[in-house]
*Asks:* 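So that we are looking at the same thing, I have put the structure below in structure tokens.
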Protein chains: 2
Amino acid sequence: MRASGRDTRGDHGARPAVRPATGVAGGSPADTAAVEREATKRGARTDRRVPTLDEVARLAGVSRSTASRVINGQSYVSARARAAVTEAVTRLGYRPNMLARSLATRRTNSLALVVSEHGSRVLDDPFFARLLRGVYAGLAGTGLQLVLLMDQDGQDHAALGRYLCAGHVDGTLVVSLHGEDPLPGQLRSAGVPTVLVGRPLSTVDLPYVDADNFNGAVAAARHLAAAGRGTLVTIAGPRDMAVGIDRLAGWRCGMAAAGRRTAGVAHGDFTVEGGAAAMTRLLADHPDLDGVFAASDLMALGAMRALRAAGRTVPDDVAVVGFDDSDLAATAVPPLTTVRQPVEELGRTATWRLLGELDAEDQLPPSVLLPTELVARASG
Amino acid sequence: MRASGRDTRGDHGARPAVRPATGVAGGSPADTAAVEREATKRGARTDRRVPTLDEVARLAGVSRSTASRVINGQSYVSARARAAVTEAVTRLGYRPNMLARSLATRRTNSLALVVSEHGSRVLDDPFFARLLRGVYAGLAGTGLQLVLLMDQDGQDHAALGRYLCAGHVDGTLVVSLHGEDPLPGQLRSAGVPTVLVGRPLSTVDLPYVDADNFNGAVAAARHLAAAGRGTLVTIAGPRDMAVGIDRLAGWRCGMAAAGRRTAGVAHGDFTVEGGAAAMTRLLADHPDLDGVFAASDLMALGAMRALRAAGRTVPDDVAVVGFDDSDLAATAVPPLTTVRQPVEELGRTATWRLLGELDAEDQLPPSVLLPTELVARASG
DNA sequence: TTGTAGGCGTTATCAA
DNA sequence: TTGATAACGCCTACAA
């Protein structure tokens, strides 16, 4: 007995012909269109005709204008006309063509959340799930559709910028910026309303919303320093992200304020594996370490794993502090002391900020920093 | 010392006025003009007019047609004209308006991956990260842009269907269908090329790609039955998803084939918490159980947690088998025996299938089922 | 309350 | 090789 009967096996290895990824040489910004035209050539698909507003109007015996008014729920329409149009709409199964509407209104009623990072990595970090929750909360009741965009492999990073600047969305939320990403500049010069989630590294004149990473790290340093630990190290984030830089700066500042020095610094990439590798390096260089601050919970988890592998216990031998207060922190064994970051609020705030930008109703604060706080648990 | 100097605090609680969801208000030209004046006054967003093809053509001293040809890299253009247009394009910073282009060509060069489930939950499951990886791999070199869509709270489920049927994308990949979701039907009747990831529950005439959940579960049943375990139970997936149904059916069939009966069944929602709760219920009903098959790794992890909390050891007291072979399975303690599912290949295959649909080049197999296999580890 | 006509920015079809 | 001209589907002053 099989669960399903109409399946076919074995054909899934067949690969449709790949279009060449290169277009006409030249380098002008419009040359990319050549590549895209290529795509159009590769299929004469028999698309069924979709009913248009014109046909609805004709069937209802009114003009396009009246039909349009009915469909957009405007007033100044007789009950008779409204009924006729409604009837025609359902009879024809009419659906307004958003492209045409957007072309005319210059509004798409959709926003983009673009993660300036490779997609597959993104979803591994619980940060994004929480951020998304916040964004959705901020969007509730607006009728705006959110689309998620990420770096695709085999596609230049600029493709994202082109998509966003080509009128597909009314505004953009950009998160997880690395180094000197040109995307914010592109968006700004294209006039696409944009709010950054996370302080940008380069000075670009766009508003951003961020957590107070600096003071969160200060708190972590204070906590470990006050815990009577002797040799303290830190697993910092990437050097090319503001979040990594700010947390490291805060840590250093907090340590200095406590009259302590940092025994060692290793950089990770915010992943469990990166944290474990960094911890291993630190253990090799500083066998006597007894306290570590990791710039993310994921890295802290990796650090705990590496410590365990090295025969150290947490928190008896080594105290561990993370950053994020993700779900994993509370359920870790032992539960992870961490710096709470209001991620949902970050997403909500950024979204509201962007909505305000769209409405351009009045003066908005250039940028916002949300508070962070230390959450003490068993790990340190 | 602060990491940044131009931040503003405290204003993030303010919520901008919500725009009406229907396009009635805000559309009058007076309103728009006022908004633009306001924006200009602030100097924040100078709503610069975007250069059009017309202006490019004028500046280059050619017709729109010729300008269009140059920009699309077509032949039959004199070198002189080409140079002039290229020059004008760069001088003006021209970017083609994709909406207008799509309206004319009836192609958007973008696909949607729609997760018929609430967004925040989606990202918590490693399945989606892997699937996305596969989809991106399948898309590599095509120049197609992928957009991710999910259920938003405070928005009716139909909004997704409207977006997809309104011409925003050339094709759609639908994953994680529950019960009688109307989405596939909408897409089909709107003529949007669609491939489902995962067998649909309702009979809708759309191709799908799925893993062989049935036989994977058969293998799990065989494995546990052969391991000399006496009292076997299963944590099944949701009753309203084919993946849940198929794995349960496979389990039952495998058990029957081994001449065994299932002591108990509890349903979970594919989350760690759901798995833990189900395990707890099963333990209460069947204290003597010594083997459990969970229909997902996440639920298996939750089951292990619940078992540990109940004082049972894995695998000595109870053998645990999961489904997915996610990264978490291998790194769990103890490492989790599980059924390997080729998730990346699932994504890649579904994508290729969809690309084939777009090209409509020739007869394609209606649906595809990818093989699954058991991976034995320490947990059972 | 309704219809007419022009525009949104591109592409596609033909003559020239 | 080039350029009018007509789609593409919808919105919206403006006039009736």
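Within every chain, numbering begins at 1; the chains are lettered A, B, ... in the order of the sequence lines, protein sequences first and strands thereafter.
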*Asks:* Picking from C:dG9, D:dT2, D:dT12, which would you name as closest to the side chain of B:V77?
*Replies:* D:dT2
*Asks:* Using five base pairs at each end to define the local axes, how bent is the helix from C:dT1-D:dA16 to C:dA16-D:dT1, to the nearest 10°?
*Replies:* 40°
*Asks:* Enter the distance from A:H168:NE2 to A:L99:CG here, rounded to the nearest 0.5 Å.
*Replies:* 8.5 Å
*Asks:* Just the rounded figure in Å: distance from C1' of C:dG7 to CZ of A:R107.
*Replies:* 20 Å
*Asks:* Is the side chain of A:Q152 donor-acceptor paired with the backbone N or O of B:L146 at a distance under 3.5 Å, no angle test?
*Replies:* yes
*Asks:* For the pair made of CG in A:D54 and C1' in D:dC11, what is the distance, rounded to whole Å?
*Replies:* 13 Å
*Asks:* Measure the distance from CG on B:L103 to P on D:dA6 and round it to the nearest whole Å.
*Replies:* 17 Å
*Asks:* Ignoring hydrogens and geometry, is there a side-chain-to-backbone donor-acceptor pair from B:T105 to B:R107 under 3.5 Å?
*Replies:* yes
*Asks:* Considering every strand and a 4.0 Å limit on heavy-atom distances, what is the contact class for A:S78: base, sugar-phosphate, or nothing?
*Replies:* sugar-phosphate
*Asks:* Between A:I71 (CD1) and D:dT12 (P), how many Å, whole number?
*Replies:* 13 Å
*Asks:* Which is true for A:L53 with a 4.0 Å heavy-atom rule: it touches a base, it touches only sugar-phosphate, or it touches nothing?
*Replies:* sugar-phosphate
*Asks:* Any side-chain N or O of A:Y76 less than 4.0 Å from the OP1 or OP2 oxygen of D:dA13?
*Replies:* no
*Asks:* Polar-atom pairs under 3.5 Å, protein N or O versus N or O of nucleotides 3-5 of chain D: list them with distances, or write none.
*Replies:*
from  : atom 1 : to    : atom 2 : distance (Å)
D:dG3 : OP2    : B:S63 : N      : 3.1
D:dG3 : OP2    : B:S63 : OG     : 3.2
D:dG3 : OP2    : B:T66 : OG1    : 2.8
D:dG3 : N7     : B:R69 : NH2    : 3.3
D:dG3 : O6     : B:R69 : NH2    : 2.6
D:dA4 : N6     : B:S65 : OG     : 2.6

*Asks:* If we ignore angles and hydrogens, is there a donor and acceptor under 3.5 Å between the side chains of A:N97 and B:R106?
*Replies:* no
*Asks:* Phosphate oxygens OP1/OP2 of D:dC11: is one of them under 4.0 Å from a side-chain N or O of A:S68?
*Replies:* yes
*Asks:* Using a 3.5 Å distance criterion without hydrogens, assess whether the side chain of B:T108 forms a donor-acceptor pair with backbone atoms of B:S110.
*Replies:* yes
*Asks:* Under 3.5 Å, is there a donor-acceptor pair between the side chain of B:D151 and the main chain of B:S116?
*Replies:* no
*Asks:* Rounded to the nearest angstrom, tell me the gap between atom CG in B:N72 and atom C1' in C:dA12.
*Replies:* 11 Å
*Asks:* In whole Å, what is the span from the CG atom of A:L99 to the P atom of C:dC8?
*Replies:* 18 Å
*Asks:* Considering only distance and modelled atom types, tabulate donor-acceptor pairs under 3.5 Å from the side chains of residues 57-64 of chain A, sequence neighbours left out.
*Replies:*
from  : atom 1 : to    : atom 2 : distance (Å)
A:S63 : OG     : A:S65 : N      : 3.4
A:S63 : OG     : A:T66 : N      : 3.3
A:S63 : OG     : A:T66 : OG1    : 3.4

*Asks:* Check this one for me: any side-chain N or O of B:N97 less than 4.0 Å away from OP1 or OP2 of C:dC8?
*Replies:* no
*Asks:* For the residue pair A:P51 and A:G93, what are the closest heavy atoms and their distance?
*Replies:* CG-O, 3.9 Å
*Asks:* What is the distance, rounded to the nearest whole Å, between atom CD of B:Q74 and atom P of C:dT11?
*Replies:* 9 Å
*Asks:* Counting N and O atoms only, with roles assigned by atom type, does the side chain of B:R348 sit under 3.5 Å from a partner on the main chain of B:L139, one being a donor and the other an acceptor?
*Replies:* no
*Asks:* Check whether any side-chain heavy atom of A:L355 sits under 4.5 Å from a side-chain heavy atom of A:L111, and report yes or no.
*Replies:* yes
*Asks:* Nearest whole Å is fine: how far is C:dT10 C1' from B:R58 CZ?
*Replies:* 15 Å
*Asks:* Given D:dC10, C:dT10, C:dA12, which nucleotide is nearest the side-chain atoms of B:T105?
*Replies:* C:dA12
*Asks:* Give a yes/no on whether any side-chain N or O of A:R106 is located under 4.0 angstrom from OP1 or OP2 of C:dC8.
*Replies:* no
